[in-house]
Amino acid sequence: MEHCDKQKLGLWTTYHPTEVERDRFVSQCWELDRRGVRFSVGIVGLKEHQAEATALRQELPAHIYLWVNAYKRQPNYYSPAELEYFTEIDPLFPIDNQHHPSFGKSCRAGHTAIAIDGDGTIRRCHFIPEAIGNIYTLDWEKSLIPSTCTNQTCRCHIGYIHMHELGLYEIFSSGILERIPVMSVTIDCRY
């Protein structure tokens with residue numbers, strides 16, 4: 001990373017308590033911070049991860065954004081107290097904890113934001129299976145056009161972040177891909 005342009009480098013990192021020891025993960029975060037690498041840290045908002053989320057917030061550098069991916073596979077998964085808890089960890093949690101109505105709505109997907117498979121296949125969005133081109137063909141840029149969403153809802157950050165009506169580019173701006181807010185987001189580190 002010392003050879004990268006750190007003005008362009010940004011990392012989206014996720015802590016999974018069942019896959020790595022927190023001490024090891026946090027030490028790597030501190031190392032990234034020491035090296036001046038921009039990054040965010042996330043955790044899946046499972047109820048059983050509350051203690052880990054609290055410990056993670058305590059142990060990370062205070063200026064590092066800790067986001068919580070809402071668990072949406074089970075309707076009404078969170079109690080009001082759990083919603084409040086995760087919102088204290090991540091002030092943007094209420095936005096993530098929704099299925100955003102998206103059908104027919106304006107989105108940057110397919111115009112200024114695309115998903116690219118390993119073979120170069122371009123899709124408007126990670127969540128829309130239709131291919132619109134391939135980066136290995138001439139004039140592939142011609143396939144990038146404004147269009148509206150074809151899905152009924154959008155429930156994942158990597159999709160809904162591009163919906164115009166949500167205004168999230170104002171919050172994330174140059175940190176959109178790394179999930180790093182550039183506007184002040186109140187992060188309460190009292191834990």
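From a predicted model like this one, the values you see are computed outputs, not experimental measurements. In this chain, numbering begins with 1 at the start of the sequence shown.
- When only modelled atom types and interatomic distance are considered, Gln50 and Tyr85 share no side-chain donor-acceptor pair under 3.5 Å.
- Counting non-hydrogen atoms of other residues, nucleotides and ligands closer than 6.0 Å to CD of Glu48 gives a total above 12.
- A donor-acceptor pair under 3.5 Å is absent between the side-chain atoms of His49 and the main chain of His16, judged by distance alone.
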TODO: Could you walk me through whether Ile64 and Cys29 pass side-chain contact (heavy atoms from CB on, under 4.5 Å), step by step?
DONE: CA-CA 9 Å; Ile64 298 300; Cys29 291; over 6 Å; no
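- Atom CZ of Arg73 sits in a sparse spot, with 12 or fewer heavy atoms from other residues, nucleotides or ligands closer than 6.0 Å.
- The pair Asp90-Arg179 does not meet the salt-bridge criterion, since no charged nitrogen lies less than 4.0 angstrom from a carboxylate oxygen.
- Minimum heavy-atom separation, Leu32 to Met1: CD2-SD, 3.4 Å.
- For the residue pair Cys125 and Ala115, the shortest heavy atom distance occurs at C-CB, 3.9 Å.
- Of the listed residues (Glu165, His164, His100), just one forms a side chain to side chain donor-acceptor pair (under 3.5 Å) with Lys105, and that residue is Glu165.
- Under a hydrophobic clustering in which Ile, Leu, Val, Met, Phe, Trp and Tyr are joined whenever their side-chain heavy atoms come within less than 4.5 Å, directly or via other members, Phe39 and Val68 fall into the same cluster.
- Across every non-hydrogen atom of Trp140 and Leu144, the tightest pair is CZ3-CD1, 3.7 Å.
- Among residues at least two apart or in separate chains, side chain to side chain donor-acceptor pair (under 3.5 Å) pairs with a member in residues 110-130 are Asp117-Arg123, Asp119-Thr121, Arg124-Ser147.
- In terms of modelled atom types and a separation under 3.5 Å, the side chain of Gln28 and the main chain of Arg24 share no donor-acceptor contact.
- In the hydrophobic clustering of ILVMFWY residues, with side-chain heavy atoms under 4.5 Å counting as a link, Ile161 and Ile95 come out together.
- The two atoms that bring Ser106 and Thr148 nearest to each other are N-CG2, 4.4 Å, heavy atoms only.
- The main-chain N or O of Glu178 is found under 3.5 Å from a side-chain atom of Ser40 such that the two form a donor-acceptor pair.
- A continuous path of Ile, Leu, Val, Met, Phe, Trp and Tyr side chains, each step under 4.5 Å between heavy atoms, connects Ile43 with Leu11, placing both in one hydrophobic cluster.
- Across all their heavy atoms, Cys154 and Met163 have their closest contact at CB-SD, 4.2 Å.
- Judged by distance alone, with hydrogens and angles left aside, the side-chain atoms of Tyr71 form no donor-acceptor pair with the main-chain N or O of Tyr78 at under 3.5 Å.
- With Asp33 contributing its side chain and Pro61 its backbone, the two residues share no donor-acceptor pair below 3.5 Å.
- Atom CG of Asn76 has 12 or fewer neighbouring heavy atoms from other residues, nucleotides or ligands inside a 6.0 Å radius.
- In plain terms, the two heavy atoms of Ile114 and Gly110 that are nearest each other are CG2-CA, 4.1 Å.
- Remark: the backbone N or O of Arg35 is paired with a side-chain donor or acceptor of Lys6 at under 3.5 angstrom.
- Enclosure of atom CD in Glu19 by more than 12 non-hydrogen atoms of other residues, nucleotides or ligands within 6.0 angstrom is indicated.
- Rounding to the nearest 0.5 angstrom, the gap separating the NE2 atom in His99 from the NZ atom in Lys72 is 6.0 Å.
- Ring pair His157/Phe172 is perpendicular by interplanar angle, where above 60° counts as perpendicular and below 30° as parallel.
- Transitive grouping of hydrophobic side chains (ILVMFWY, heavy atoms separated by less than 4.5 Å) keeps Ile145 and Ile122 in distinct clusters.
- In this structure, the side chain of Thr153 does not engage the main chain of Pro101 through any donor-acceptor pair within 3.5 Å.
- Rounding to the nearest 0.5 Å places CG of Leu168 at 9.0 Å from CZ of Arg108.
- For the atom pair CG (Asn97) and CG (Asn69), the distance works out to 10.5 Å, reported to the nearest 0.5 Å.
- The line from CG of Leu46 to CD of Glu52 is 11.5 Å long, rounded to the nearest 0.5 Å.
- One hydrophobic cluster holds both Tyr65 and Leu177 under the rule that ILVMFWY side chains link at heavy-atom gaps under 4.5 Å.
- Annotation: the span from Leu83 atom CG to Glu88 atom CD amounts to 11.5 Å, rounded to 0.5 Å.
- Of the candidates Phe86, Trp12, Phe93, Trp12 is the only one forming a ring-ring contact (aromatic ring centres under 6.0 Å, His included) with Trp67.
- Atom CG of Leu66 and atom CG of Leu60 lie 6.0 Å apart (nearest 0.5 Å).
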- [ ] Report the C-alpha distance between Tyr15 and Val26 in whole Å, list the side-chain angles of each, state the deciding distance to 0.1 Å, and finish with yes or no for side-chain contact (heavy atoms from CB on, under 4.5 Å).
- [x] CA-CA 9 Å; Tyr15 170 58; Val26 170; over 6 Å; no
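- A side-chain donor from one of His162 and Tyr169 sits under 3.5 Å from a side-chain acceptor of the other.
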